[in-house]
Structure formats: C-alpha cells, structure tokens
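Everything below concerns the one structure shown next.
Just so it is clear: chains get the letters A, B, ... in the order the sequence lines come, proteins before strands, and each one is counted from 1.
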Protein chains: 2
Amino acid sequence: MPGTPRQRAREQTLDDITRIGRRHLAEVGAAALSLRAVARELGVVSSAVYRYVANRDDLLTLLVVDAYTELGDAVDAAVGAAGPAAVDRFTALARAVRAWAVREPSRWALLYGSPVPGYAAPAERTTAQGIRVITLFAHIMDDAWRAGDVDGAGAAPPGLAADYQAIRDQLSLSVPDGVIAATVQAWSALFGAVSFEVFGQYGAATFGDPEALFDHTVERLAVQLGLAAAA
Amino acid sequence: MPGTPRQRAREQTLDDITRIGRRHLAEVGAAALSLRAVARELGVVSSAVYRYVANRDDLLTLLVVDAYTELGDAVDAAVGAAGPAAVDRFTALARAVRAWAVREPSRWALLYGSPVPGYAAPAERTTAQGIRVITLFAHIMDDAWRAGDVDGAGAAPPGLAADYQAIRDQLSLSVPDGVIAATVQAWSALFGAVSFEVFGQYGAATFGDPEALFDHTVERLAVQLGLAAAA
DNA sequence: TGGGTGATGAGAGCACCGCTCTCGTTTTCC
DNA sequence: GGAAAACGAGAGCGGTGCTCTCATCACCCA
C-alpha cells in the first residue's frame with residue numbers, strides 16, 4: 001500500500017469518478033454528461049468534484065483515455081488470439097473494433113464521432129492510448145510485407161511521399177508508399193463502416209444481419225490490402 | 001404575395017430562425033446550439049421562439065433538413081456539371097461531398113457525426129432530403145451497369161439478399177447484388193474518409209495535402225466499384 | 001508531540017440553459 | 001363588430017458549469 005492514506009483515498013475517488021462517468025457517458029452520451037450528476041452519485045456536492053477534475057472537459061479527457069485503453073485492450077486480445085496469417089490478424093482486429101463499438105456506442109462516439117464543440121482532447125494525454133489500434137494495424141501490414149505475404153503495392157500519390165515517410169519513421173515501418181496508402185484508406189473505410197452501423201446512418205436501408213454486412217466489408221478490404229485473393 | 005400578412009410574417013420569422021440557427025450551428029456546434037441565443041439575436045424574448053419551434057430538437061430538425069438540402073443541391077450541381085462517364089460522375093459526387101463537409105464541418109457533424117444524445121431526427125421530415133446523395137450515387141451505378149460500363153460484379157453475402165432486394169425495389173434499380181454490395185461499401189468508405197478528415201481523426205499523422213489524399217481514395221474507390229481500371 | 005500547512009468537502013452564489021405558464025395586445029375570420 | 005386565434009413579454013422552475021469562502025481534517029516537520 002504505497003503512499004499516504006490520503007493519497008490512496010484520492011486515487012480511489014478519482015477511480016470512482018471515472019467509473020461513474022463511464023456509466024453516465026454510456027447512458028446519456030458525451031454532450032449530456034453532467035459533472036453535477038456524477039457528484040450526486042458520488043454522494044458529494046458538485047464543487048467537491050472540482051478538487052479532482054479541473055472542469056468538464058478534463059473529465060471527458062479522462063473518459064477518452066479510459067475508452068481508448070479499453071478498446072486497445074480488446075483489440076490486442078483479439079489479435080493475440082488470432083492465427084499468424086496477416087489476413088486473420090487483420091480480420092480479428094476489424095471484428096474486435098466493431099464488437100467494441102457496438103457494445104459501447106456512446107464511447108465509440110466520444111472517440112470517433114463528431115468532436116464535442118469547443119473541446120479538443122489534449123494530445124499529450126490521449127495519443128499514447130489513441131494510436132494503439134492503428135499502430136497494431138500498421139505493424140500487421142508491415143510484418144506481412146516483410147514476410148512477402150502482401151501483394152505488390154498499388155500506386156501512391158507522389159505529393160504525399162513526405163507524409164508517408166513521416167508515418168514510416170514514426171511507426172518504424174519498412175513498407176512502401178503504396179502499402180501505407182492502402183492501409184490509410186482501409187483504416188478510414190473500416191471506421192466509416194463501423195460508424196455507419198453504430199450511428200444508424202444507413203438510412204432507410206436496414207440490414208437484417210449487420211454483422212454479415214460488416215464481415216463482407218472486411219473481406220473486401222483484405223483483398224484490397226493485398227492480404228487475400230479475390231473470392 | 002400569397003397568404004395573410006401574418007402568415008407571411010410567420011414564414012419570414014421561421015426563415016430568420018433557420019438562418020440564425022444555421023450560423024450559430026456553424027460557430028458553436030450542435031450540442032452547444034442555444035435556443036435562447038437564437039432568440040436574443042432575433043431580438044425577441046426566448047419564450048417567443050417557442051411559437052415557431054416546438055423545442056430545441058425541433059430546431060435541430062429544421063437545421064438537419066436545411067443542411068441535407070444544401071448538401072444535396074451542391075452534389076446535384078457538381079454531378080450535373082460533370083461529364084457523362086460514370087467514373088467522372090462518381091468522382092464529382094465524392095469531391096462535392098468532401099468540399100461541402102470541409103466548408104461546413106459543424107453541419108457535416110450534425111448530419112454524419114455522432115448522433116446528438118436523446119435526439120433522433122424524425123424520419124418523416126428528414127429522409128426526403130437525406131437520401132438524395134445516396135440515391136444519386138445508386139443511380140450513377142445503375143446507369144453505368146445498364147450501359148455496360150461497370151465490370152462484372154463481385155460476390156455478395158447471400159444472407160443479405162433480401163436486404164439488397166429491398167434497396168433495389170426502393171430505388172428502382174436493376175443492378176445485381178454484387179454491385180449493390182460494392183456501392184454500399186464505397187458509400188461508407190467515402191463518408192469515413194470525409195469524416196476522418198473533417199474530424200481530424202488521422203491522429204498524429206498529418207497530411208500536407210488532404211485533398212490529394214482524398215482524391216487518391218476516390219480513385220481507388222472507382223477501381224473497386226469497377227468504374228475504372230487499376231492505375 | 002504539537003503546531004503550521006495544505007487538502008478536502010459543504011454551501012452559497014453567478015450566469016446560463018430548456019421549457020412552461022400567464023397576461024395583455026394584435027390580427028384574423030365569421 | 002365581436003369571438004377566436006396568434007403573438008410577444010415577463011416571471012418562474014429546475015437544471016447546468018463553475019467560482020468563492022469557510023470550516024474541518026490529515027499530514028509533515030520542527
């Protein structure tokens with residue numbers, strides 16, 4: 001039991017705030033998340049919460065990091081349990097992302113939906129957890145490339161070569177531009193598909209089996225990434 | 001000048017409310033949109049606004065329809081000005097969507113971002129405008145199919161055949177399941193790419209020329225749709 | 001061991017929000 | 001011309017984020 005009792009109590013209270021905030025977030029969404037409601041449930045007057053959290057945005061940041069961490073853990077576990085083939089690892093990653101998003105729509109919205117107006121998550125506190133999934137995805141592609149399991153890369157816009165090089169440096173990758181370009185596109189396509197389903201944006205077109213629709217999208221993305229042959 | 005003076009004044013006031021709300025929405029976002037602030041700018045006490053708008057959600061619905069209409073008009077104009085080839089029409093549609101989203105990020109977020117908690121846009125008032133872009137996209141693909149300009153369709157998950165048939169019926173299409181499946185996927189990928197850019201969700205990876213990145217995505221989508229040959 | 005110090009929580013209060021109700025006034029319609 | 005409907009102002013309710021003050025309590029060090 002490290003630290004003084006007061007320090008431990010402080011951490012306990014911060015954990016309680018995060019836990020209550022997480023539940024409220026899941027129930028009412030980010031925009032309606034109320035610091036006073038959290039205080040009420042904590043059994044404390046609202047001003048007391050400000051001893052632990054600078055303001056409402058700070059609480060949101062806490063929950064953003066919390067959500068990124070949980071999503072990252074879920075994806076790590078799923079990919080770790082998948083087979084060694086790149087296509088299997090990619091499929092496991094995509095399905096884990098979707099499963100978490102469907103299970104936690106409000107938290108998915110907090111991470112990948114429209115930004116809360118006037119609130120920008122401070123990069124220095126969120127990026128560490130926020131880049132876990134894309135980093136894992138990039139390394140799945142990088143491993144596949146070095147193993148010769150990914151088909152020849154497609155073209156990449158030459159004007160973005162410097163940006164691709166920055167990505168390669170930052171993530172210690174060895175894949176060529178074409179693979180990075182394909183990965184970036186698959187990345188946004190994957191998250192678009194998940195958000196479309198979670199946010200109910202397919203409009204009047206309802207799909208009886210959204211999981212089958214998603215799996216089909218993942219199959220096509222695997223082909224486009226050069227990880228699998230066309231069916 | 002049809003209608004009584006009072007009726008015309010009412011429509012004028014409703015237009016003013018929409019116009020002011022549109023500006024506030026662009027400036028502070030949907031979650032922070034305040035009916036009282038609109039009333040202040042209108043030069044009227046807050047309760048007076050309730051003579052024209054049932055509640056805050058009703059004002060949001062007004063702005064949703066307004067945004068869908070403007071987006072639909074912009075896309076229609078762009079596609080109308082494009083050449084007859086399907087790939088050109090699709091490219092024009094995609095670029096027009098992105099251009100509008102970049103120009104109007106808050107309104108894009110209102111339409112395609114995370115739903116405002118507790119608010120679901122009433123379908124009977126929004127779908128008419130909301131389905132314009134996807135309808136146009138579907139008909140571009142349908143025209144291309146009937147003209148023989150789209151390559152053989154890929155596979156489609158058989159479990160979704162009924163859903164594809166419903167879409168075909170609703171939009172009066174003649175394309176096979178594979179083309180519908182590809183269109184749906186391109187649709188969500190397109191909106192994922194736009195949202196990633198507008199919401200700044202590429203993370204640490206910044207792109208110096210986001211338009212070039214988007215154009216490359218559109219080129220790849222055109223290939224995947226069978227509208228163009230691989231570069 | 002005891003006192004100074006800093007952390008803590010309660011409470012009051014400010015400005016804002018959505019929304020409701022009442023009450024004169026004005027316009028419309030029969 | 002009078003009844004009815006529409007309208008805008010105003011007061012008010014309960015909620016929000018956030019600040020400030022004040023009493024209390026635990027901690028640390030002389």
For this session: Go through the steps for A:Arg168 and A:Asp163 under the test salt bridge (Lys or Arg N to Asp or Glu O under 4.0 Å), then give the verdict.
Result: CA-CA 9 Å; A:Arg168 196 155 30 224; A:Asp163 297 320; over 6 Å; no

Exercise. Between D:dG8 atom P and B:Ile17 atom CD1, what is the distance in whole Å?
Worked result: 9 Å

Problem set entry | Closest-nucleotide 5' rank along DNA chain C - winner of A:Thr13 and A:Arg6 | A:Arg6

Exercise. Considering only C:dC29, C:dT8, C:dA10, which nucleotide approaches the side chain of B:Thr4 most closely?
Worked result: C:dC29

Seminar exercise, completed: The contact string for nucleotides 16-24 of chain C, one letter per nucleotide 5' to 3', using protein heavy atoms under 4.0 Å with B, S and - for base, sugar-phosphate only and none, comes out as -BBBBB---

Exercise. Whole-Å distance between C:dA7 C1' and A:Tyr52 OH?
Worked result: 8 Å

Problem set entry | Heavy atoms of other groups near A:Glu11 CD, more than 12 under 6.0 Å | no

Hey, can you pull the donor-acceptor pairs under 3.5 Å for the side chains in residues 181-192 of chain A, sequence neighbours left out?
from: A:Thr183; atom 1: OG1; to: A:Val179; atom 2: O; distance (Å): 2.6
from: A:Gln185; atom 1: OE1; to: B:Arg220; atom 2: NE; distance (Å): 2.5
from: A:Ser188; atom 1: OG; to: A:Gln185; atom 2: O; distance (Å): 3.2

Seminar exercise, completed: Residue pairs meeting salt bridge (charged side-chain N to carboxylate O under 4.0 Å, His left out), one or both in residues 190-217 of chain B, sequence neighbours left out, come to B:Arg95-B:Asp215, B:Arg98-B:Glu197

Atom pairs and distances, side-chain donor-acceptor, residues 63-73 of chain A, under 3.5 Å, sequence neighbours left out:
from: A:Asp66; atom 1: OD1; to: A:Arg22; atom 2: NH1; distance (Å): 2.8
from: A:Asp66; atom 1: OD2; to: A:Arg22; atom 2: NH1; distance (Å): 3.0
from: A:Asp66; atom 1: OD2; to: A:Arg107; atom 2: NH2; distance (Å): 2.9
from: A:Thr69; atom 1: OG1; to: A:Val65; atom 2: O; distance (Å): 2.7
from: A:Thr69; atom 1: OG1; to: A:Gln129; atom 2: OE1; distance (Å): 3.2
from: A:Glu70; atom 1: OE1; to: A:Arg107; atom 2: NH1; distance (Å): 3.3
from: A:Glu70; atom 1: OE1; to: A:Arg107; atom 2: NH2; distance (Å): 3.2
from: A:Glu70; atom 1: OE2; to: A:Trp100; atom 2: NE1; distance (Å): 3.3
from: A:Glu70; atom 1: OE2; to: A:Arg107; atom 2: NH1; distance (Å): 3.2
from: A:Asp73; atom 1: OD1; to: A:Arg132; atom 2: NH1; distance (Å): 3.2
from: A:Asp73; atom 1: OD1; to: A:Arg132; atom 2: NH2; distance (Å): 2.9

Exercise. What is the nucleic acid contact for A:Val44, judged by heavy atoms within less than 4.0 Å: base, sugar-phosphate only, or nothing?
Worked result: sugar-phosphate

Problem set entry | Selection: residues 19-27 of chain B, any non-hydrogen atom under 4.0 Å of DNA chain D | none

Seminar exercise, completed: Residues passing the side chain to side chain donor-acceptor pair (under 3.5 Å) test with A:Asp15, sequence neighbours excluded, are none

